[in-house]
J.: 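Quick one: this structure, given as structure tokens, is what I'll be asking you about.
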Amino acid sequence: MEKVVIIRYAEIHLKGKNRGYFERVFAANMEKSLKGIRHEIRRRSGRYLVENFAEEDENKIVKKLSKVFGVHSLSVGLKVPSEMNEIFIAAREVSDKSGTFKVETHRADKKFYMNSPQISAEIGGRLLDDNKNLKVDVHNPDFVINIDVREDGSTLVFNKFIKCADGMPVGTAGRGLLLLSGGIDSPVAGHMIAKRGMKIDCLHFHSYPYTNMQARQKVMDLAKILSEYTCGIKVTVISVKHIQEEIHKNCNGAYMVTLLRRFMMRLAEMLAKKDGDQCIITGESLGQVASQTIEGMTSSNSVVESMPVLRPLCGFDKNEIIERSRDIGAYDVSIRPYEDCCTVFLPDYPIIKPKMADVLAEEAKLDVQGLLDEAFATAEVTEF
Ligand code: ATP
Ligand code: MG
């Protein structure tokens, strides 16, 4: 009797002709997530099986695989030779100790001497004889004992289904640059796009020493959380301190955020081009704060020339975003109270609906290209 993890995959099976490619990326991503843990992953008729792992690594394996995009659900089960007594012992092992149950059998091995209903009835009967605290309920059972009689002479027996990340394997839908702040929204935005199969790089702007090192650490911690879903992540950090000082010194203060946003977008496009990212991703949500009006987005969007800016949260309410943030395990880090560079030199009354002509007039007071080059040179890279 051997412990195994059974992996069912999500949308990949839809991808007709490209299926082989999707499955190769998927398998490689699972291997990456289990790096350093002894195991073997094998593909078995529409499933993957993780075998040959140490008992004490079971929880770690389940936790890591549940975050790999493409995994629909997991079960920890037992693999036994296809023989009724062995199957019964395994069923007893995975069974809850009390409650109502039913047995569901899937028989791929059509040469096995009993058919599926016969196997279910026999194992169900033996479980009832063995444990008086169990009762059969075929319509609404507390738990289901699943028996999978396979063609290779082995049978898998399992009880629980663990819901996983779903989505498409990361790396099958291009590469994008996520503007990662320390807030609640941007990690969720990155997670959503990675879930569609995009490989994610991150860019964070800081304003040290106006913002402190804890703020930077917070962003690194968020990137690390994201990296568990994205099979690793690269974070570039750029200082916008001097840009902010120059805006503060030369421009109408009400345009601080509007102008800074345009610098951020230009720097993002510069980095994206250098690193091979095909789009920019932000955590903006329409109307959430003063700078996230359609006019604000028009102003920041218009400096990006060669790629789309994806805003997956645009139509989400804050409470929906918070729920997702909790789901992906980022919320507790996101609410740590450190300042973002956007709050440095923040005016009392920021322009909410900036007119392009006014924005351009304010920006004309600055050496835009000089400031961009200078900021870009401060880039530092960390990889998780
Ligand atoms: P978040 O919760 O992601 O911080 P927010 O509600 O605070 O978002 P803003 O501060 O207006 O909203 O930022 C909007 C988006 O701009 C962020 O989601 C992020 O993608 C990007 N952004 C803001 N500040 C930074 C920063 N310091 N570094 C990188 N990207 C940033
Ligand atoms: Mg923010």
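We use all heavy atoms of the structure for the numbers below, so side chains are in, but hydrogens, waters and symmetry mates are not. In each ligand, atom 1 is the first atom listed, and ligand 1 is the first ligand listed.
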J.: Can you list the ligand 1 atoms lying under 4.0 Å from a non-hydrogen atom of Leu179?
T.: 19 (C), 20 (O), 21 (C), 29 (C), 30 (N)

J.: If you look only at distance, which donor and acceptor atoms sit under 3.5 Å apart when one is on a side chain in residues 312-323 and the other is two or more places apart or in another chain?
T.:
unit_1, atom_1, unit_2, atom_2, d
Lys318, NZ, Asp185, OD1, 2.9
Lys318, NZ, Asp185, OD2, 3.1
Lys318, NZ, Gln288, OE1, 3.4
Glu320, OE1, Asp317, N, 2.7

J.: So that I can tick it off, tell me whether Asp201 and Arg175 are bridged by a salt bridge, with the cut-off set at under 4.0 angstrom between side-chain N and carboxylate O.
T.: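 Salt bridge present between Arg175 and Asp201.
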
J.: With a cut-off of 4.0 Å, which atoms of ligand 1 are near a heavy atom of Gly183?
T.: 1 (P), 2 (O), 4 (O)

J.: Under 30°, 30 to 60°, or over 60°: which ring-plane class applies to Tyr9 and Phe26, parallel, tilted or perpendicular?
T.: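 The arrangement is perpendicular - the two ring planes meet at more than 60°.
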
J.: I need the atoms of ligand 1 closer than 4.0 Å to a non-hydrogen atom of Gly283, numbered in the order shown.
T.: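 Listed by number with element: 17 (C), 18 (O), 20 (O).
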
J.: Looking only at side-chain N and O atoms, does Tyr210 offer a donor or acceptor that is under 3.5 Å from a partner on Glu245?
T.: yes

J.: Is there a heavy atom of His206 sitting under 4.0 angstrom from any atom of ligand 1?
T.: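 No, His206 has no heavy atoms under 4.0 Å from ligand 1.
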
J.: Below 4.0 angstrom from a heavy atom of Ile184, which ligand 1 atoms are there? Numbered from 1 as shown, please.
T.: 2 (O)

J.: To which of Arg261, Met265, Glu284 does the heavy atom nearest atom 10 (O) of ligand 1 belong?
T.: Arg261

J.: Check ligand 1 against Leu203 and write out every atom of the ligand that is under 4.0 Å from a heavy-atom position of the residue.
T.: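 With Leu203 as reference, the close atoms of ligand 1 come out as 29 (C).
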
J.: Compute the shortest N/O to N/O distance between Met264 and ligand 1 and return yes if it is under 3.5 Å, no if not.
T.: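 Between Met264 and ligand 1 (N or O atoms, distance only) the closest approach is not under 3.5 Å.
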
J.: For Leu178, which part has a heavy atom under 4.0 Å from ligand 1: side chain, backbone, both, or neither?
T.: neither

J.: What class does the angle between the rings of Phe158 and Phe161 fall in, given that below 30° is parallel, 30 to 60° is tilted and above 60° is perpendicular?
T.: perpendicular

J.: As an exercise, identify every atom of ligand 1 less than 4.0 angstrom from a heavy atom of Thr282.
T.: 20 (O)

J.: Tell me yes or no: between the side chains of Arg262 and Ser300, is some donor less than 3.5 Å from an acceptor?
T.: no

J.: May I ask which of Ser181, Cys202, Ala268 has a heavy atom nearer to atom 4 (O) of ligand 1 than the others do?
T.: Ser181

J.: Tabulate below the donor-acceptor pairs under 3.5 Å that side-chain atoms of residues 353-362 make, not counting sequence neighbours, or state none.
T.:
unit_1, atom_1, unit_2, atom_2, d
Glu362, OE1, Asn252, N, 2.8
Glu362, OE1, Lys365, NZ, 2.9
Glu362, OE2, Lys365, NZ, 3.1

J.: Determine, stepwise, if the pair Asn146 / Asn159 fulfils side chain to side chain donor-acceptor pair (under 3.5 Å).
T.: CA-CA 6 Å; Asn146 294 275; Asn159 176 350; 5.9 Å; no

